[in-house]
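Down below is the structure, laid out as structure tokens.
Numbers here are sequence positions counted from 1.
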Amino acid sequence: MRSGEKIAGLIVAGGYSSRMGVFKPLLPLGEKTVIETAVDSLRRAGIKDIRVVTGHNAAELSPVLERLSVKVIENTSYADGMFSSVRAGVSSLAGEAEAFFLLPGDTPLIRRHSVKDILQVYRKTGAAVVYPVFAAERGHPPLISAQCFARILAHDGTGGLRNVLTQFDATAREVDVADQGILMDVDTQEDYRKLVEYHRRRQIPTPAECDAMLKKYQEDGGVARHGRAVAAVGCSLAESLNQTGLQLDLELVAAGALVHDVAKGKRNHSKRGGKLAACWGFSALSGIIASHMDMEFSADGIIDETAIVFLADKLVQDDRRVNFLERFRPALDRFSGNQEVLASIRRKIETAEAIGAKTLQRLGLQSFDELQV
């Protein structure tokens with residue numbers, strides 16, 4: 001953080017949870033509760049000053065918050081709606097924070113990288129408000145600067161916080177994030193079911209998150225087209241292999257294929273892309289991306305998701321299905337005078353052939369031309 005800058009996190013958890021019918025902050029989410037996960041999301045991003053505004057069921061929530069070592073702000077006017085909790089929280093921050101992240105207690109799954117991206121834009125621009133955006137929609141948590149505090153505290157609540165923040169639109173900024181969690185709150189039982197499932201699989205990006213990653217890091221539309229073609233081949237291979245008794249994760253294959261070239265154009269793009277995936281929190285994807293250019297596979301090797309994405313990538317040139325010879329001929333011709341590079345290309349061919357041979361044997365096919373994609 002900049003010298004003198006203090007960024008706080010404000011979680012509002014004082015509502016009635018009326019549409020859910022149960023108290024949302026204490027619903028289980030994995031091994032923790034929703035409110036614990038919300039606090040963790042900010043804390044893991046480096047936010048140390050975290051304050052939780054309570055109201056309805058404050059006594060029930062209090063022991064959990066005490067264990068979390070957060071500052072508790074009791075909103076005795078919680079019946080007036082969410083803005084009353086925001087105002088109570090801002091009142092506690094006035095003079096103590098330069099800006100704060102506002103996070104509803106039922107929107108707990110915010111990635112660390114999203115918080116850091118929002119902070120980076122704020123530091124560069126000094127914007128009054130910075131909004132995270134996913135799939136062209138603003139989500140939580142916005143970063144609200146002290147420029148807005150006085151108007152929030154003076155506002156009568158009409159139109160809620162949004163009515164106040166629109167007054168700062170001229171100096172607001174948006175930042176695209178590869179984080180579907182910024183839009184996922186819990187208003188209904190169906191919302192909760194989706195949140196639980198997303199949490200269970202959040203090490204694997206959704207198709208929409210894959211699109212967001214490519215939009216953020218790749219200007220070349222050909223990379224996305226190639227990724228979609230590789231995903232089609234990879235998923236077809238995986239589905240067929242699963243019918244023989246394997247248990248390949250189709251979502252992981254699809255995601256790995258879609259974004260395997262996310263760092264294309266950068267030096268050592270496979271390793272760089274793997275590190276980016278890990279940084280975003282997509283740990284299940286990191287190894288697949290890092291290995292799609294170079295991996296070892298012996299005759300007794302295991303066909304897993306990494307091997308399938310490697311193989312599928314070598315069966316696609318741009319967005320067309322090809323054979324190994326077609327796929328590697330341009331590189332072999334281009335580097336015909338460089339023995340070191342040629343040796344590397346031949347290793348890739350050998351790996352692809354080894355994975356391919358084992359795959360075809362298991363499927364009972366003579367060639368990949370027999371596979372319907």
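Of the charged side-chain nitrogens involved, at least one lies within less than 4.0 Å of a carboxylate oxygen, so that Glu197 and Arg200 count as a salt-bridged pair. The residues Arg225 and Asp318 are annotated as not salt-bridged, no charged nitrogen and carboxylate oxygen being separated by less than 4.0 angstrom. A salt bridge links Glu190 and Arg193; the closest N-O separation between the charged side-chain nitrogens and carboxylate oxygens is under 4.0 Å. At a threshold of 4.0 Å, the pair Asp249-Arg201 counts as salt-bridged, since one of the basic side-chain nitrogens sits closer than that to a carboxylate oxygen. Ion pair Lys24/Asp187 flagged as a salt bridge, since at least one NZ, NE, NH1 or NH2 atom sits closer than 4.0 Å to an Asp/Glu carboxylate oxygen. Comment: Arg228 does not engage Asp319 in a salt bridge, judged by the lack of any side-chain N to carboxylate O separation of less than 4.0 angstrom. Salt bridge status for Asp211 with Lys215: absent, with no side-chain N to carboxylate O gap under 4.0 Å.
Residue Asp117 forms a salt bridge (Lys or Arg N to Asp or Glu O under 4.0 Å) with just one option from Arg173, Lys216, Arg123, Arg111, and that option is Lys216. When the options His260, Lys314, His269 are evaluated for a side chain to side chain donor-acceptor pair (under 3.5 Å) with His292, the one that passes is His269.
Evaluation of the ring-ring contact (aromatic ring centres under 6.0 Å, His included) rule for Phe83 yields His155 as partners, not counting sequence neighbours.
There is a side-chain donor-acceptor pair under 3.5 Å between Ser283 and Gln203.
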What's the verdict on side chain to side chain contact (heavy atoms under 4.5 Å, CB included) for Ile144 and Ile152, showing C-alpha distance, side-chain angles and the deciding distance? CA-CA 10 Å; Ile144 303 170; Ile152 292 173; 4.2 Å; yes
Report the C-alpha separation of Phe101 and Tyr122 in whole Å, then their side-chain angles, then the decisive distance to 0.1 Å, and conclude whether the ring pair (Phe, Tyr, Trp, His ring centres under 6.0 Å) test is met. CA-CA 11 Å; Phe101 285 99; Tyr122 170 70; 8.8 Å; no
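Using a 4.5 Å cut-off on side-chain heavy atoms (C-beta onward), Ile73 and Val52 make no contact.
By the 30° and 60° cut-offs, the orientation of the rings of His56 relative to Phe23 is perpendicular.
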